[in-house]
**Student:** 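Got a structure for you, written out below as structure tokens; questions coming shortly.
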Protein chains: 2
Amino acid sequence: MEYFQELKSTKIFDSASEFDCQAMMFCFKTRFKTFDKNENIVTQGNKIEDIILILKGGAIVENIDILGNISIVMQLKKGDVYGIESAYAGDEFYKDSVIASEKCLVLFMNKHRLINPCENKCKRHDAVVKNLMRLVAESNLKLLDKLTHLSKKSTREKLLSYLGLMSERAKSDYFEIPFNLTELANYLSVDRSAMTTELGKMKKEGLIDYDKRQFHIFNNKIKY
Amino acid sequence: MEYFQELKSTKIFDSASEFDCQAMMFCFKTRFKTFDKNENIVTQGNKIEDIILILKGGAIVENIDILGNISIVMQLKKGDVYGIESAYAGDEFYKDSVIASEKCLVLFMNKHRLINPCENKCKRHDAVVKNLMRLVAESNLKLLDKLTHLSKKSTREKLLSYLGLMSERAKSDYFEIPFNLTELANYLSVDRSAMTTELGKMKKEGLIDYDKRQFHIFNNKIKY
DNA sequence: TAAAAAGTGTTGTTTTTACAACAAAAATAT
DNA sequence: ATATTTTTGTTGTAAAAACAACACTTTTTA
């Protein structure tokens, strides 16, 4: 079966057998399609027919609001799914456009077949739904974390909220962050240079120490 | 059956029959419990055994970070569920505490029974899972909206992002928001008085008009 | 209906941030 | 190894926000 290797290594098909994958491909009325860089995979405002799964390459999710402002909602990479929340929430139209940021291979799965109970009794359908649920649940938790940081008013508070969480996750005062500083500023929605300045101050005040992505937070020095 | 009226009016049990509810109560190993104001329903750091559903009253979800800062993550009201994302994401411990903000009635449902396929073949188990998925999906979309607003840097941009979306939803330049101004400032994480000032400026500049919760946005006047 | 509470609008001051422009260091590509 | 690009650090200035304090209005409660 074509693309079986790509399929089984995704979180949602999660090591399913080739036979089971084949059955699901039929059940979900899937089709594979490749896109070149900058091609639209999904177009904002179009009717939601499919949930998409990125099998190779990457894409960005872009939204245009009523005022015409374009914003990047998120990035999709291998294994990521788009459209599942809207599908379950009962939305009729795609909220965003998905645009290939490089050459990529995409699996389209029929929305109705996916979210409704399987009539074909295809063995792993339930497992896929559970995997999807986990994906959405994880996404939810990530968004909540980000919201916690962004709802702080000052850059310093945002940084401490983020670094504190990272430290907590690492169960250590020493930890590495998954961003470079430019990306971190972007993630926290603050000006990069202002953030660097603030990090510098915090270092000088002895609250934190850092080098590149390596951080050391002096939790004891941070007043409650 | 006790509390059947409360159960069937929730989104997750969604008009299930009394018989089906009864079966699910057994299947999910549920128990009902009432709490007085300020009592802990769930305690941060404790092992996740149950998913909770608020049947009467309301509660707040509160988080204490590693630095000791307490923040209100969200509010729960009748019909709301807590713990489902963490359960599906495989977390072991509750991320937050849930505290009754008034006298309330809570349903505890066993996490494992709920998220794993039903062995009792109880008729509506799948439907409940689908309803849960819709809940989580909707929550996801709400969080994404809020993030869109919060990631704008200025108060004006935050307001326009929010009001623009509300207008889009209402399919009209005239719409009513579900917050009073104090709540809106809180939602957008900006200072209330600064927000009022900004709203005043925008009104003076002819971008918007408003009275209490009634807004009129002049989309044509907003430059792209 | 009176009193209390909640919500809204305004102002001035202080603090913080965004922004722009640039320099230097580090990483990557050729 | 050298050139190019990316990342990081610094500064000054202008703009914006937070904060605090208060007056006024509306809504809720007793």
Side-chain angles (χ1 to χ4, degrees), chain A residues 37 58 60 69 71-72 75 101-102 148-163 166 175-216 222-223, chain B residues 37 58 60 69 71-72 75 101-103 148-163 166 176-216 222-223:
Chain A
K37 181 170 175 174
I60 57 164
N69 302 109
S71 56
I72 292 175
Q75 307 206 37
S101 54
E102 56 185 308
T148 305
H149 311 321
L150 289 205
S151 59
K152 308 291 181 189
K153 293 186 179 162
S154 69
T155 298
R156 174 172 297 206
E157 281 178 304
K158 287 185 174 103
L159 282 166
L160 284 176
S161 173
Y162 175 74
L163 296 174
M166 288 297 106
F175 53 93
E176 182 175 337
I177 64 171
F179 298 125
N180 65 39
L181 297 188
T182 305
E183 290 168 336
L184 178 58
N186 192 48
Y187 173 79
L188 294 178
S189 289
V190 294
D191 180 75
R192 184 199 58 77
S193 69
M195 190 190 81
T196 308
T197 307
E198 193 60 37
L199 280 172
K201 276 190 207 164
M202 288 163 74
K203 187 189 263 189
K204 193 165 289 170
E205 291 175 30
L207 299 181
I208 61 169
D209 195 12
Y210 70 99
D211 179 50
K212 309 254 164 54
R213 295 178 173 199
Q214 303 294 330
F215 279 79
H216 179 193
I222 295 164
K223 69 159 189 325
Chain B
K37 180 170 176 175
I60 56 164
N69 302 109
S71 56
I72 292 175
Q75 306 207 38
S101 53
E102 56 185 307
K103 196 173 187 313
T148 305
H149 311 321
L150 289 205
S151 59
K152 308 291 181 189
K153 293 186 178 162
S154 69
T155 298
R156 174 171 297 205
E157 281 177 305
K158 288 185 174 104
L159 282 166
L160 284 176
S161 174
Y162 175 75
L163 296 174
M166 288 298 107
E176 182 174 336
I177 65 172
F179 297 125
N180 64 40
L181 297 187
T182 304
E183 289 167 337
L184 178 59
N186 192 49
Y187 172 79
L188 294 178
S189 289
V190 295
D191 180 74
R192 185 200 56 78
S193 69
M195 190 189 81
T196 308
T197 307
E198 193 60 37
L199 280 173
K201 276 189 207 163
M202 289 161 75
K203 188 189 263 189
K204 194 165 288 171
E205 291 175 31
L207 300 181
I208 61 168
D209 195 12
Y210 71 99
D211 179 50
K212 307 255 166 52
R213 297 179 171 198
Q214 303 295 330
F215 278 79
H216 180 192
I222 296 164
K223 69 158 189 326

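So you know, we letter chains A, B, ... as the sequences are listed, proteins then strands, and number each from 1. Here the structure is a predicted model, which is why all the values come from computation and not from measurement.
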**Student:** Where along residues 177-191 of chain A does a heavy atom come under 4.0 Å from DNA chain D, residue by residue in number order?
**Tutor:**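 Here the set is A:N180, A:L181, A:T182.
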**Student:** Does CD in A:E176 sit with more than 12 non-hydrogen atoms of other residues, nucleotides or ligands closer than 6.0 Å?
**Tutor:**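 Yes - once you tally the heavy atoms of other residues, nucleotides and ligands closer than 6.0 Å, there are more than 12.
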**Student:** Starting at atom CZ of B:R213, determine the distance to atom P of D:dT26, rounded to an integer number of angstrom.
**Tutor:**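 For the pair B:R213 CZ and D:dT26 P, the rounded distance is 16 Å.
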**Student:** Over how many whole Å does the gap from B:K153 atom NZ to D:dA17 atom P extend?
**Tutor:**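 Those two atoms, NZ and P, are 13 Å apart.
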**Student:** So, for B:K158 and B:H149, which heavy atoms are closest and what is the spacing to 0.1 Å?
**Tutor:**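 Nearest pair, atom of B:K158 first, then B:H149: CG-O, 3.3 Å.
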**Student:** A quick test of your reading: do over 12 heavy atoms of other residues, nucleotides or ligands sit less than 6.0 Å from NZ of B:K203?
**Tutor:**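 It does: B:K203 NZ has more than 12 such atoms within range.
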**Student:** Find the distance B:K158:NZ to D:dA17:P and express it as a whole number of Å.
**Tutor:**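 These atoms are roughly 8 Å apart.
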**Student:** Taking it one step at a time, do B:K37 and B:E102 satisfy salt bridge (Lys or Arg N to Asp or Glu O under 4.0 Å)?
**Tutor:** CA-CA 4 Å; B:K37 180 170 176 175; B:E102 56 185 307; over 6 Å; no
**Student:** Which whole-number value in Å describes the distance from A:M202 CE to C:dT17 P?
**Tutor:**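 Those two atoms, CE and P, are 11 Å apart.
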**Student:** For a quick test of reading the model, state the closest non-hydrogen atom pair linking A:L181 to A:M195 and the distance between them.
**Tutor:**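 Taking every non-hydrogen atom into account, O-CE, 3.3 Å.
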**Student:** D:dT8, OP1 or OP2 - any side-chain N/O from A:T196 closer than 4.0 Å?
**Tutor:**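 Checking D:dT8 against A:T196, no side-chain N or O comes under 4.0 Å of OP1 or OP2.
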**Student:** Anything under 3.5 Å between a protein N or O and an N or O of nucleotides 22-30 of chain C, put it in a table, one pair a line.
**Tutor:**
none

**Student:** Side chains of A:Y187 and A:E183: closer than 4.5 Å at any heavy-atom pair?
**Tutor:**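 Contact flag for A:Y187/A:E183 side chains = no.
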**Student:** Between P on D:dA16 and NZ on B:K201, what's the gap in Å once rounded to a whole number?
**Tutor:**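 Going from NZ in B:K201 over to P in D:dA16 covers 7 Å.
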**Student:** Using whole Å, report how far CE of B:M195 lies from P of D:dC19.
**Tutor:**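 For the pair B:M195 CE and D:dC19 P, the rounded distance is 15 Å.
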**Student:** Would you say B:Y210 places a side-chain N or O within less than 4.0 Å of OP1 or OP2 belonging to C:dT8?
**Tutor:**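 Looking at the OP1 and OP2 atoms of C:dT8, neither is under 4.0 Å from any side-chain N or O of B:Y210.
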**Student:** If the threshold is 4.0 Å, N to carboxylate O, is there a salt bridge linking A:E205 and A:R156?
**Tutor:**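 Salt bridge: yes.
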**Student:** Would you name the heavy atoms of B:F215 and B:I177 that are closest together and state the gap between them?
**Tutor:**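 Taking B:F215 first and B:I177 second, the nearest heavy atoms are CE1-CD1, 3.5 Å.
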**Student:** Hey, are the side chains of A:S151 and B:L150 touching, using non-hydrogen atoms and a 4.5 Å cut-off?
**Tutor:**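 Answer yes - side chains close enough.
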**Student:** Expressed as a whole number of angstroms, how long is the span from A:E157:CD to C:dT15:C1'?
**Tutor:**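 Roughly 13 Å, once rounded to whole Å.
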**Student:** Starting at atom CD of B:E198, determine the distance to atom C1' of D:dC19, rounded to an integer number of angstrom.
**Tutor:**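 That distance rounds to 16 Å.
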**Student:** Let's see if you can work this out: which of D:dA16, C:dT17, D:dC19 has an atom nearest to the side-chain heavy atoms of A:T155?
**Tutor:**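 The closest nucleotide is C:dT17.
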**Student:** Is a donor-acceptor contact shorter than 3.5 angstrom present between the side chain of B:T197 and the base of D:dA17?
**Tutor:**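 Flag unset: no donor-acceptor pair detected.
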